[in-house]
Structures are given as structure tokens and as C-alpha cells.
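Below: the structure, in C-alpha cells.
Count residues from 1 along the sequence. We count ligands from 1, going down the list as the structure has it; atoms in each ligand are counted the same way.
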Amino acid sequence: MAIQRPKISILGAGATGATTAHWCAAKELGDIVLFDIVEGMPQGKALDLLEAGPVEGFDVEVRGTNDLADTRGSDLVIITAGQPRKPGMSRADLLSANYRIIRDLVERCLPLSPEAYFLVLTNPVDVLTYVVKKVTGLPRNRVLGQAGVLDSTRYRTFLARALGVSVRDVHALVLGGHGDQMVPLVSYANVNGIPVSALLSREEIERIVERTRKGGGEIVELLKTGSAFYAPGAALAEMADAILKDRKRVLAATTYLEGEYGFSDLCLGVPVVLGGGGIERVIELSLDEADRDALRVSADEVRAQIAELPERL
Ligand code: APR
């Protein structure tokens, strides 16, 4: 048998889906199928991206489709289909509409790709990752959500700019749900091992934490129509890279918890080891009281949204 490249299917070829395809192709992570319900649009975007190959030097297949059957045999299914958040619209408002879209898509997708990992982006991501976990019945290592990589990269951006240092040297984690109650950890944020608290004032750090929490909303307000897509796409590609190249990266991922951090039967952003086995391990950090309390508030927010789902799972 000829050796084959990994197959990545991206459901939803909108702003984030197409940008994810772009980053994944540029990194040569695998052959890409871009699926959407809008006729011609995924085909057009896929062909356009494919035609960048000779300039950028990537040798991967990029194909657009309106037929879910073309996703057959995927190693990784990335879910970005759904309604975008509009100004003034809360993540919770999106719940009902996106629940039906995601449920329908994964129910049809799983039989086509029974071995796939499922990576969810569509908001509210904590709840929809939970929906995918429940609807598919897959073990938790194969279903994860993207939020923490994006929130952490925003946090790292703001810290690096405040410090006037390279983004490469700033390491930081954001835990919890992908809402205003997310938990940017201060005690673990560092510049090549130097705690940020040794380099920035408490007030500056607090301002950065607040800006991180509202990072998605800041972009929505500026764009007026639609929400962020460059950094979300880059975050998805980083997670895809970790899985498909078995890198065993330590990243924050929206994960179905089974007692870790004192929570079960909900999905929340926690640090994990991400590799060829998907979520290979959840890392349980010791948290100070303020962070523990903040994580509880965030978990309560996610639980409240799960309770609002139109159907019990
Ligand atoms: N099947 C496939 N694609 C669908 C379906 C469906 N049932 N329903 C909607 N879509 C597609 C839309 O046609 C659109 O192309 O999903 C795409 C969503 O793209 P955008 O509207 O550009 O939204 P985007 O900015 O990419 O955000 C996608 O991520 O941040 C979250 O909340 C945001 O849910 C949104 C998602």
C-alpha cells in the first residue's frame, strides 16, 4: 500500500474554516477537504488555496465540496460550521442554532470516519465539544475543543507587547470556559522561566488579564460583521499539528473532565498533552485559591449553558 498523507476535513468553509485550511496547507499537515453547505464556495476557496501551492511550495491536496461523503476516511475532523457571533450577541445566544448544526454534522460524519479525532471550534465551544462527546459516544481522548490555545495566544501577545520582548519567549496558559469568566493564569505566566509578576506591575497584569478575557469581543466590535478568524485558525492548525505529528505538545484544550480539577461531566479548558493519541493526558496543576474560585465560576457558567441545551444528552 502506498503511504498516504493524513486527511483533514474542515466542516464549515467560512472565515475560520478557510483560514484553518490555509495554515494547515502552509504547514503541510495533510490533504484537506473543505466542506460547506454554500454551493461552490468551498470549491472556489479550495482551488484558490491549491493554486498558492507552487508559490508557497506545499504539496498537499486541497478540495472543496458540498458532499459530506467526501470527508470519508478522515484522520481529523475540524468543526467550524455554524453561525458567527455578531456585535451584542452573547455566546449563549448562539447555542440553540449551532447545537442543531453540529449535532447533525457529527451524526453523519462519524460513520464515514470512525477512526477520526474531532476538534471543535464553533461557539459556544465548551458546550458544543460536550455535545460532540455525548452524541458520538467516543472516548474523551478523541473529542476536544479549541479555545485555550487562542485565549493563551492573545494573553501571550499582550504580555509580550507590554514587556517589549519576543512572543517566542512568553509562555502562558488560559484555563476554563471560552467566556468572559475564562481564567488566564498569572502565577504560571513567564518569560523564559522568569515569572511575569517579577517584570510587570500588578495593575498592568490585571489590565492584560481583563483584555484577554474580552479578546474575542474586542475583535467583534472592530470588525462589526463576523468574529476573529486568523488567530482561531492558527490555533486550530497548531492543535492539528500536535495530533497529526504526535508532538505531545502541552496546550490548553477544551476537554471532557472525569474528576480532574474537581469537575466531571462537562467540558472545560485545561492543560493537556496533545499527541498522536489525541488528549493523551490531562495535567492537573495546583492552583491558588483565587484561580480555583475563578475556575469554579467558569465551570458554573458552562454548566448553565449545558442546562440550556434544547435536548438532554
Ligand atoms: N454545514 C456546513 N457548513 C455550515 C452549516 C452546515 N450545516 N451551517 C453553516 N455552515 C457554514 C456557513 O455556510 C459558513 O460558511 O459555516 C460557515 C461559518 O463561517 P462564518 O460565518 O464565516 O463564521 P466564522 O467566522 O468562520 O466562525 C465560525 O466559529 O467563532 C466561531 O462562533 C463562531 O460559530 C462560529 C464559528
Side-chain angles (χ1 to χ4, degrees), residues 9-24 32-46 48-49 63-71 74 77-110 112-113 118-132 135 144-151 153-154 177-180 182 214-237 239 254 267 269 302 305:
S9 288
I10 302 174
L11 311 185
T16 312
T19 308
T20 304
H22 181 172
W23 293 116
C24 287
I32 297 163
V33 173
L34 204 49
F35 167 84
D36 205 285
I37 41 168
V38 178
E39 257 178 58
M41 183 269 272
Q43 292 88 338
K45 289 189 178 182
D48 190 14
L49 180 54
R63 175 172 176 199
T65 185
N66 304 118
D67 183 357
L68 208 58
D70 290 329
T71 67
S74 297
V77 175
I78 300 178
I79 303 171
T80 71
Q83 307 229 332
R85 188 154 69 118
K86 306 199 177 79
M89 193 179 181
S90 76
R91 287 193 174 88
D93 291 339
L94 289 176
L95 181 58
S96 252
N98 285 346
Y99 167 76
R100 297 206 185 278
I101 292 172
I102 301 312
R103 177 168 193 150
D104 171 66
L105 281 174
V106 295
E107 278 176 345
R108 290 192 291 139
C109 218
L110 182 62
L112 297 165
S113 299
F118 286 81
L119 173 54
V120 183
L121 171 104
T122 309
N123 278 315
V125 64
D126 310 280
V127 185
L128 294 176
T129 305
Y130 178 87
V131 167
V132 175
V135 166
L144 63 161
Q146 188 300 120
V149 175
L150 171 62
D151 298 327
T153 194
R154 286 182 175 144
H178 187 50
D180 295 345
M182 68 177 73
K214 302 196 165 100
E218 183 177 359
I219 308 265
V220 169
E221 292 301 328
L222 289 166
L223 288 178
K224 309 277 191 302
T225 57
S227 49
F229 53 94
Y230 286 117
L236 284 170
M239 295 176 85
T254 304
C267 289
V302 174
Q305 290 183 62

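- Results of the side chain to side chain donor-acceptor pair (under 3.5 Å) test with Gln43 over Asp48, Asn66, Asp36 single out Asn66 as the only residue that passes.
- Counting heavy atoms from C-beta on, the side chains of Leu11 and Leu68 come closer than 4.5 Å.
- Between the CG atom in Asn98 and the CG atom in Asn123 there is a gap of 8.0 Å [rounded to 0.5 Å].
- Ion pair Asp104/Arg108 flagged as a salt bridge, since at least one NZ, NE, NH1 or NH2 atom sits closer than 4.0 Å to an Asp/Glu carboxylate oxygen.
- Heavy-atom proximity to Thr122, at under 4.0 Å, picks out these atoms of ligand 1: 34 (O).
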request  = Step by step, work out the side-chain contact (heavy atoms from CB on, under 4.5 Å) result for Val302 and Tyr130.
outcome  = CA-CA 10 Å; Val302 174; Tyr130 178 87; over 6 Å; no
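- At a heavy-atom cutoff of 4.0 Å, ligand 1 is contacted by the backbone of Gln83 but not by its side chain.
- Applying the 4.0 Å criterion to heavy atoms of Asn123 picks out, from ligand 1, the atoms 30 (O), 31 (C), 32 (O), 34 (O).
- Heavy-atom contacts of Thr80 reach the following atoms of ligand 1: 18 (C), 28 (C), 36 (C) (cutoff under 4.0 Å).
- In Asn98, the part holding a heavy atom less than 4.0 Å from any atom of ligand 1 is the side chain.
- Atoms of ligand 1 found under 4.0 Å from any heavy atom of Val38, numbered from 1 in the order shown, are 13 (O).
- Under the 3.5 Å distance criterion, the side-chain polar atoms of Thr65 are left unmatched by any main-chain donor or acceptor of Leu34.
- When the heavy atoms of Ala13, Pro232, Gly17, Ala15 are ranked by distance to atom 22 (O) of ligand 1, first place goes to Ala15.
- Between Trp23 and Leu236 the shortest side-chain heavy-atom distance does not fall below 4.5 Å.
- At a 3.5 angstrom cut-off on N or O pairs, Thr16 counts as close to ligand 1.
- Close contacts of ligand 1 with Met41, meaning ligand atoms under 4.0 Å from a residue heavy atom, involve 15 (O).
- Here Phe35 has side-chain heavy atoms under 4.0 Å from ligand 1, and that is the only part of it that gets that close.
- Nearest residue to atom 3 (N) of ligand 1 from Gly82, Gly233, Ala81 is Ala81 (criterion: closest heavy atom).
- For atom 14 (C) of ligand 1, the choice among Asp36, Leu34, Asp104 with the nearest heavy atom turns out to be Asp36.
- Judged by distance alone, the side chain of Thr254 and the main-chain N or O of Asp126 form no donor-acceptor pair under 3.5 Å.
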